[in-house]
Amino acid sequence: MIFVDACLKKQTPYTPIWMMRQAGRYLPEYRATRAQAGDFMSLCRNAELACEVTLQPIDILGVDAAILFSDILVIPAEMGMDLEFVKGKGPVFHDPLRNEADLKRLADDSDEKLSYVYDAIKLIRKDLAADKALIGFAGSPWTLATYMIEGGGSKTYEISKKMLYSNPSLLHAILRKNTDAIIKYLLKQIDAGVNAVQVFDSWGGALEESAFFEFSWSYMKEISAAIKAQHPEIPVILFSKGISGYLDKIDGTFDVFGVDWGTPIEKAKAAVFDRYAIQGNMEPTRLYSQEKIKEGVEHIVKVMGKEPGHIFNLGHGMLPDLPVENAKYLVDLVHELTRR
Ligand code: CP3
């Protein structure tokens with residue numbers, strides 16, 4: 001698989017590409033399947049329909065890897081938290097975690113309750129072409145904790161960060177619970193058939209340097225080390241958004257460093273490419289203009305060259321209203337410009 005080879009810094013015929021949030025509302029086919037499922041969580045819990053939307057961007061865009069269709073918030077939902085996706089607002093937990101008693105109520109067997117995810121993986125791996133990789137994923141312990149503590153998305157993360165500075169042992173206990181659940185969940189995704197895993201730390205950048213390494217990166221590293229110890233052949237991708245100031249301190253046992261769009265790719269290359277493969281990092285809103293896509297791709301390809309160890313991606317997720325033909329244009333352009 002070209003994608004897996006690139007993650008392991010092996011030679012490939014061209015630079016593989018996939019896009020974060022490649023299955024989603026910008027595809028009319030996705031909107032039709034979600035309507036059939038009823039709502040977003042029902043889509044996540046329906047293995048056949050989750051398989052269908054996972055495969056849509058492979059067929060439509062020609063990307064080199066599929067990412068399992070699910071959400072990072074299925075773990076807290078299966079720990080027993082009351083999750084609702086509110087139209088126009090995003091995810092809401094009606095019972096946020098604020099104290100030790102709230103934490104004690106959470107179930108320890110979310111990895112077992114997530115069996116619908118493993119069922120979806122088995123179906124996808126059966127239907128996906130043998131040369132295309134299937135990426136499994138989870139949210140990072142910290143990013144999940146922000147949703148669990150705030151009760152939804154946040155601009156300031158004030159409740160989580162107040163806990164970080166005033167009751168750090170409670171935050172560590174929450175992160176411990178999430179880390180244990182994530183490791184069990186990702187190992188079961190691998191047993192079901194995924195070919196690589198990515199940990200999404202979307203809100204790592206909400207933390208100052210010392211807090212980032214203590215409350216987010218240390219747990220991400222623990223997850224990747226646990227997976228690599230059991231499955232050295234499975235690439236692990238770590239993606240923390242908003243941490244370009246701390247690149248020189250990135251360490252740990254993993255394969256691919258996911259670069260966000262706010263980090264100049266040459267800086268990421270200088271800081272980590274001697275140790276890790278690099279994934280990224282075109283600014284996602286360039287997808288609104290083919291001219292700007294071309295400019296973005298040419299720059300990234302010039303910096304990363306045709307050496308092994310680059311996976312092309314966006315520097316964060318796709319947006320719901322972008323033109324499908326531009327996403328297709330991006331995939332074809334990356335393949336064309338990087339052919340060895
Ligand atoms: O990448 C993929 O195609 C795979 C599927 C995937 C989804 N969410 C589907 C989804 C993945 C990998 C995620 C990860 C995820 N979910 C993250 C980390 C990645 C990132 O973007 O930083 C986060 C922070 C979440 C939490 C989440 N889920 C939010 C904030 C929202 C609302 C977003 C919005 O724009 O309304 C979701 C819902 C969600 N997850 C949608 C999709 C396709 C939209 C749901 C819909 O309306 O159909």
Side-chain angles (χ1 to χ4, degrees), residues 17-46 49-58 60-61 63 65-77 81 83-93 117 120-121 124 133-148 150-155 157 182 185-186 189 194 196-206 216 220 237-243 258-262 279-281 284 313-322 327:
I17 172 171
W18 68 283
M19 287 175 246
M20 290 191 272
R21 295 283 191 101
Q22 67 190 14
R25 284 168 293 190
Y26 75 102
L27 289 175
E29 293 83 353
Y30 168 83
R31 297 197 298 271
T33 313
R34 192 185 65 166
Q36 196 187 332
D39 59 52
F40 176 69
M41 277 310 282
S42 306
L43 177 55
C44 290
R45 290 190 169 117
N46 183 319
L49 296 182
C51 171
E52 195 176 298
V53 292
T54 299
L55 297 174
Q56 285 168 353
I58 300 286
I60 297 165
L61 305 180
V63 285
I67 179 160
L68 163 71
F69 186 82
S70 185
D71 196 81
I72 62 169
L73 299 178
V74 294
I75 288 186
M81 291 190 72
L83 172 63
E84 186 190 353
F85 283 88
V86 179
K87 215 177 153 68
K89 193 168 174 213
V92 172
F93 285 109
V117 174
I121 291 169
I124 299 161
L134 175 59
I135 304 167
F137 72 92
S140 76
W142 160 252
T143 291
L144 290 185
T146 65
Y147 286 99
M148 296 159 81
E150 304 288 335
S154 174
K155 287 202 167 77
Y157 308 93
I182 291 163
Y185 179 50
L186 290 177
Q189 290 188 26
V194 301
V197 295
Q198 173 159 326
V199 183
F200 285 87
D201 185 28
S202 308
W203 313 133
S216 188
M220 306 240 320
I237 308 162
L238 298 185
F239 173 73
S240 281
K241 189 174 173 296
I243 60 153
V259 183
D260 71 353
W261 59 264
Q279 175 173 283
N281 75 338
N313 203 317
L314 304 174
H316 201 185
M318 292 177 86
L319 296 162
D321 65 337
L322 55 86

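Both ligands and their constituent atoms are indexed starting at 1 by order of listing.
A distance of 7.0 Å separates CG of L27 from CE of M318, quoted to the nearest 0.5 Å. Taking CD of E84 as the start and CG of L73 as the end, the distance is 13.0 Å to the nearest 0.5 Å. The CD1 atom of I75 sits 13.0 Å away from atom CE of M81, with the distance rounded to the nearest 0.5 Å. Interatomic distance, L314 CG to D260 CG, rounded to the nearest 0.5 Å: 12.0 Å.
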* Between M41 and V74, is a side chain to side chain contact (heavy atoms under 4.5 Å, CB included) present by the stated rule, with each step listed? -> CA-CA 8 Å; M41 277 310 282; V74 294; 4.0 Å; yes
* Report the C-alpha separation of K241 and W261 in whole Å, then their side-chain angles, then the decisive distance to 0.1 Å, and conclude whether the side chain to side chain contact (heavy atoms under 4.5 Å, CB included) test is met. => CA-CA 8 Å; K241 189 174 173 296; W261 59 264; 3.9 Å; yes
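Each of the following atoms of ligand 1 lies closer than 4.0 Å to a heavy atom of S70: 5 (C), 6 (C), 7 (C), 8 (N), 9 (C). The contact set between ligand 1 and S202, taken as ligand atoms under 4.0 Å from a residue heavy atom, comprises 18 (C), 19 (C), 20 (C), 22 (O), 24 (C). Every atom of ligand 1 is numbered from 1 in the order shown, and the set under 4.0 Å from a heavy atom of R34 is 46 (C), 47 (O), 48 (O). Within the listing of ligand 1, atoms 29 (C), 30 (C), 31 (C), 32 (C) sit less than 4.0 angstrom from a heavy atom of P91. Of all atoms in ligand 1, listed by their number and element, those nearer than 4.0 Å to a heavy atom of F69 are 9 (C), 43 (C).
Among protein heavy atoms, atom 38 (C) of ligand 1 sits closest to F85 CE2, 3.4 Å. The protein non-hydrogen atom at the shortest distance from atom 11 (C) of ligand 1 is F137 CZ, 3.6 Å. Residue, atom and distance of the protein heavy atom nearest to atom 13 (C) of ligand 1 are R21 NE, 3.5 Å. Among all protein heavy atoms, the one lying closest to atom 39 (C) of ligand 1 is F40 CZ, 3.5 Å. The single protein non-hydrogen atom nearest to atom 24 (C) of ligand 1 is Y147 OH, 3.3 Å, given as residue, atom name and distance.
When atom types are taken as modelled, the side chain of S140 and the backbone of V199 share no donor-acceptor pair closer than 3.5 angstrom.
Partners of D39 according to the side-chain hydrogen bond (donor to acceptor under 3.5 Å, both in side chains) rule, which considers only residues two or more places apart in sequence or in another chain, are S42. Taking the salt bridge (charged side-chain N to carboxylate O under 4.0 Å, His left out) definition, one finds that R45 meets it with E78, sequence neighbours left out.
Aromatic ring pairs are classed by plane angle as parallel below 30°, tilted from 30° to 60° and perpendicular above 60°; the pair Y157 and W203 is tilted. Note on ring orientation: taking the six-membered ring where Trp is involved, the planes of F85 and F40 are perpendicular (angle over 60°, cut-offs 30° and 60°). Ring-plane geometry between F239 and H316 is classed as tilted, the angle between the planes lying from 30 to 60 degrees on a 0 to 90 degree scale.
Residue contact annotation: G317 has no non-hydrogen atom under 4.0 Å from ligand 1.
Only the side chain of H316 comes within 4.0 Å of ligand 1, counting heavy atoms alone; its backbone N, CA, C and O stay farther away. Counting heavy atoms closer than 4.0 Å to ligand 1, residue L68 contributes backbone atoms (N, CA, C, O) but none from C-beta onward.
Ranked by closest heavy atom to atom 44 (C) of ligand 1, the top entry among R25, M20, K89 is R25. Here the shortest heavy-atom distance to atom 2 (C) of ligand 1, taken over D260, D39, I72, I67, belongs to I67.
Inclusion of A23 in the set of residues having an N or O under 3.5 Å from an N or O of ligand 1 is warranted. Note: an N/O pair closer than 3.5 Å links D71 and ligand 1 by distance alone. On a distance-only criterion, T143 and ligand 1 share no N/O pair closer than 3.5 Å. Residue contacts with ligand 1: Y30 is placed with a nitrogen or oxygen under 3.5 Å of a nitrogen or oxygen of the ligand (distance criterion only).
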